[in-house]
Participant: 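This is the structure I have questions about; it appears just below.
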2 protein chains.
Amino acid sequence: MKTKSKSQRVYDYIEELVISGEIKPGERLPSEAKLGEILNVSRVSVRAGIEKLSAIGLVRKKKGGGTYVNKPASDNYLSVFTPTLLHNTDYLELLEVRRALDSLSVQLCAKNITEAGLRKLNEILREMEKLSEEDDFFVLDKKFHLLISKYSKNRFLHNVHLIIWDVIQKALRANYYQVTNRDRIGEHRKIVEAIENQDQDLAKIYTVRHLEEIIDTFVCVYNQESHQEAIRTKK
Amino acid sequence: MKTKSKSQRVYDYIEELVISGEIKPGERLPSEAKLGEILNVSRVSVRAGIEKLSAIGLVRKKKGGGTYVNKPASDNYLSVFTPTLLHNTDYLELLEVRRALDSLSVQLCAKNITEAGLRKLNEILREMEKLSEEDDFFVLDKKFHLLISKYSKNRFLHNVHLIIWDVIQKALRANYYQVTNRDRIGEHRKIVEAIENQDQDLAKIYTVRHLEEIIDTFVCVYNQESHQEAIRTKK
DNA sequence: TTTTATAACTTGTATTATAACTTATTTCAA
DNA sequence: TTGAAATAAGTTATAATACAAGTTATAAAA
């Protein structure tokens, strides 16, 4: 029989308090000192347990103010997954998943989009046209696709998209792949037009095509690189 | 300008080491004392940062032995997280995402499945037929679909599926919804047959149908419940 | 060479102290 | 009585030190 560590006991105790509803989102946990008293452990162990809970986003700590149970659906919920997913992720695999999920979200978006949402999409398109720097394009690209997934009105789907774009962003930073975005703006515009007409099928078609263009570009660049790598190794 | 906490600096530093590949899965981190020296912080702060990383499963601590970077896709590395997702997730939204992702994974699976994989799938089918308890069915159901996603050979997709099934499992435990699985076995068998014939399209069709059956059942049960709820409220 | 004992190292927990920040209370002036 | 400012009390963040408990590397012995 393996004995639980003290910090784990703290973790379990608080998790139970939250899941059982004894402490509701927005409410404050007992102070670290009090928890230590209750569970008969030192403040060090209490802090270790709480640290974990805050890492997974169940609670939020406020220096000097206490520790609070998080309201669900705070934006940073899923971002904790990123590092784990990242160092295992082949970018092509991720794009394959995106093709499936973007198809779904654009369909739902075409059904549920509002006037305000459409204005925002068109605004992003205009900003894209004004750009020259490749880096800034990424920011708009991310904003564009996350906006679509947001208007899918499926929060779980949106959350998964948040993970994905977080991974993409970090992959970019880590230079795991190179992007050449050429003329993606036209593809984006077609998608928006289809959404405007609430044509779910067409929106899906354009989105799949968009993703496949991205995949092709990536595969192309990737092959070039490994080719050059092979040449370098020969020398 | 908000200054980062020291524990966050530790967190970021180690995350960077892992993402950049400087420390690879399975390798050991510098000791807490050494990290504190490097970053010029106390061991308390180092431990706080590492605690978070271990909560999200990026690293694994071994008392007396050191802290190691986790190999990705270790079975337990997502489970810590789920309670947060849970009370925010509408089950229907999740099923909608599953429909999209299961379609993809079954297609890839039909392409990439091995003899051994097929044997395992058929074995699960046989076990399902022998069952009576509803609870045990869930375990097999989960195993079945995760096996398919595993043989998609897309690790990112598989990871997302791991998250999803973890959420489903906890939702079950928390009685957020009721399941009535009736005759899902036949649907499973058709999917396996399509995979055996490496017929990607057919496998996809059966999977979509399977998911839509599940959705229908859920909607049906859900409506009944809210109906009864309405009656209770009236009294 | 293999086994065993030892030493060095590493994480887990406890204690104490102080800094930095937040919240509740009290005090004082208008 | 009200409102603002000052104060006190409470809370998390960090540090330093100590020791327990487990692991790993090294040295000694068979």
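Per chain, numbering begins at 1; letters A, B, ... match sequence-line order.
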Participant: Contacts to DNA chain D from residues 41-50 of chain A, heavy-atom cutoff under 4.0 Å, which residues?
Facilitator: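 Here the set is Arg43(A), Arg47(A).
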Participant: Could you check which residues of residues 28-37 of chain B get a heavy atom under 4.0 Å from DNA chain C? Sort them by number, please.
Facilitator: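 Result for residues 28-37 of chain B: Arg28(B), Ser31(B), Glu32(B), sorted by number.
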Participant: Determine whether a donor-acceptor pair (N or O, by modelled atom type, separation under 3.5 Å) exists between the side chain of Asn122(B) and the backbone of Leu118(B).
Facilitator: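 Checked: pair present.
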Participant: Touch check for Gly64(A), heavy atoms < 4.0 angstrom, all strands: base, sugar-phosphate only, or nothing?
Facilitator: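 Answer is base: heavy atoms of Gly64(A) come under 4.0 Å of a base.
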Participant: Which residues pass the side-chain hydrogen bond (donor to acceptor under 3.5 Å, both in side chains) test with Arg99(B), sequence neighbours left out?
Facilitator: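 With sequence neighbours excluded, Arg99(B) shows a side-chain hydrogen bond (donor to acceptor under 3.5 Å, both in side chains) to Glu212(B), given in chain and number order.
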Participant: So, does Lys62(B) get its side chain near the phosphate of dT10(C), meaning an N or O under 4.0 Å from OP1 or OP2?
Facilitator: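 Looking at the OP1 and OP2 atoms of dT10(C), neither is under 4.0 Å from any side-chain N or O of Lys62(B).
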Participant: Run the ring pair (Phe, Tyr, Trp, His ring centres under 6.0 Å) test against Phe144(A) and tell me which residues pass, sequence neighbours left out.
Facilitator: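 Phe144(A): ring pair (Phe, Tyr, Trp, His ring centres under 6.0 Å) contacts with His188(A).
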Participant: Taking any atom under 4.0 angstrom from a heavy atom of chain B, which nucleotides of DNA chain D are the first and last to qualify, 5' to 3'?
Facilitator: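 The protein-touched segment is dT14(D) to dT24(D).
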Participant: For Arg98(B), give me all partners under salt bridge (charged side-chain N to carboxylate O under 4.0 Å, His left out), at least two apart in sequence or on another chain.
Facilitator: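 Checked Arg98(B) against salt bridge (charged side-chain N to carboxylate O under 4.0 Å, His left out); matches are Asp102(B).
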Participant: What distance do Leu157(A) atom CG and Ser105(A) atom OG have between them, rounded to the nearest 0.5 Å?
Facilitator: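 Atom-to-atom, Leu157(A):CG and Ser105(A):OG are 5.5 Å apart.
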Participant: In chain order, what residues pass the side-chain contact (heavy atoms from CB on, under 4.5 Å) check against Lys63(A), with sequence neighbours excluded?
Facilitator: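 Lys63(A) satisfies side-chain contact (heavy atoms from CB on, under 4.5 Å) with no residue once adjacent residues are dropped.
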Participant: Taking only residues two or more places apart in sequence or in another chain, which ones pass salt bridge (charged side-chain N to carboxylate O under 4.0 Å, His left out) with Lys61(A)?
Facilitator: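 For Lys61(A) the salt bridge (charged side-chain N to carboxylate O under 4.0 Å, His left out) partners, ignoring immediate neighbours, are Glu51(A).
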Participant: Sub-3.5 Å donor-acceptor pair from the side chain of Arg9(B) to the main-chain atoms of Leu39(B), do we have one?
Facilitator: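 Yes: the side chain of Arg9(B) pairs with the backbone of Leu39(B).
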Participant: Sequence neighbours left out, what passes salt bridge (charged side-chain N to carboxylate O under 4.0 Å, His left out) with Arg126(A)? Give chain and number order.
Facilitator: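 Testing Arg126(A) for salt bridge (charged side-chain N to carboxylate O under 4.0 Å, His left out), a comparison that skips the adjacent residues, returns Glu123(A).
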Participant: Considering the options Thr67(B), Leu35(B), Val69(B), which one meets the side-chain contact (heavy atoms from CB on, under 4.5 Å) requirement together with Ile14(B)?
Facilitator: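 Among Thr67(B), Leu35(B), Val69(B), the one meeting side-chain contact (heavy atoms from CB on, under 4.5 Å) with Ile14(B) is Leu35(B).
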Participant: My understanding is that only residues two or more places apart in sequence, or in another chain, count here; which of them pass side-chain hydrogen bond (donor to acceptor under 3.5 Å, both in side chains) with Asn112(A)?
Facilitator: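 Listed in chain order: nothing, the list is empty.
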Participant: Check this one for me: any side-chain N or O of Ser7(A) less than 4.0 Å away from OP1 or OP2 of dG12(C)?
Facilitator: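 Looking at the OP1 and OP2 atoms of dG12(C), neither is under 4.0 Å from any side-chain N or O of Ser7(A).
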Participant: Does Glu32(A) reach the main-chain N or O of Val46(A) with its side chain, forming a donor-acceptor pair under 3.5 Å?
Facilitator: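 No; zero donor-acceptor contacts below 3.5 Å.
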Participant: At a cut-off of 3.5 Å, list every protein nitrogen or oxygen paired with a nitrogen or oxygen from nucleotides 4-8 of chain C, distance to 0.1 Å.
Facilitator:
none

Participant: What pairs of residues pass the side-chain hydrogen bond (donor to acceptor under 3.5 Å, both in side chains) test when at least one of them lies in residues 21-31 of chain B, not counting sequence neighbours?
Facilitator: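 Found none.
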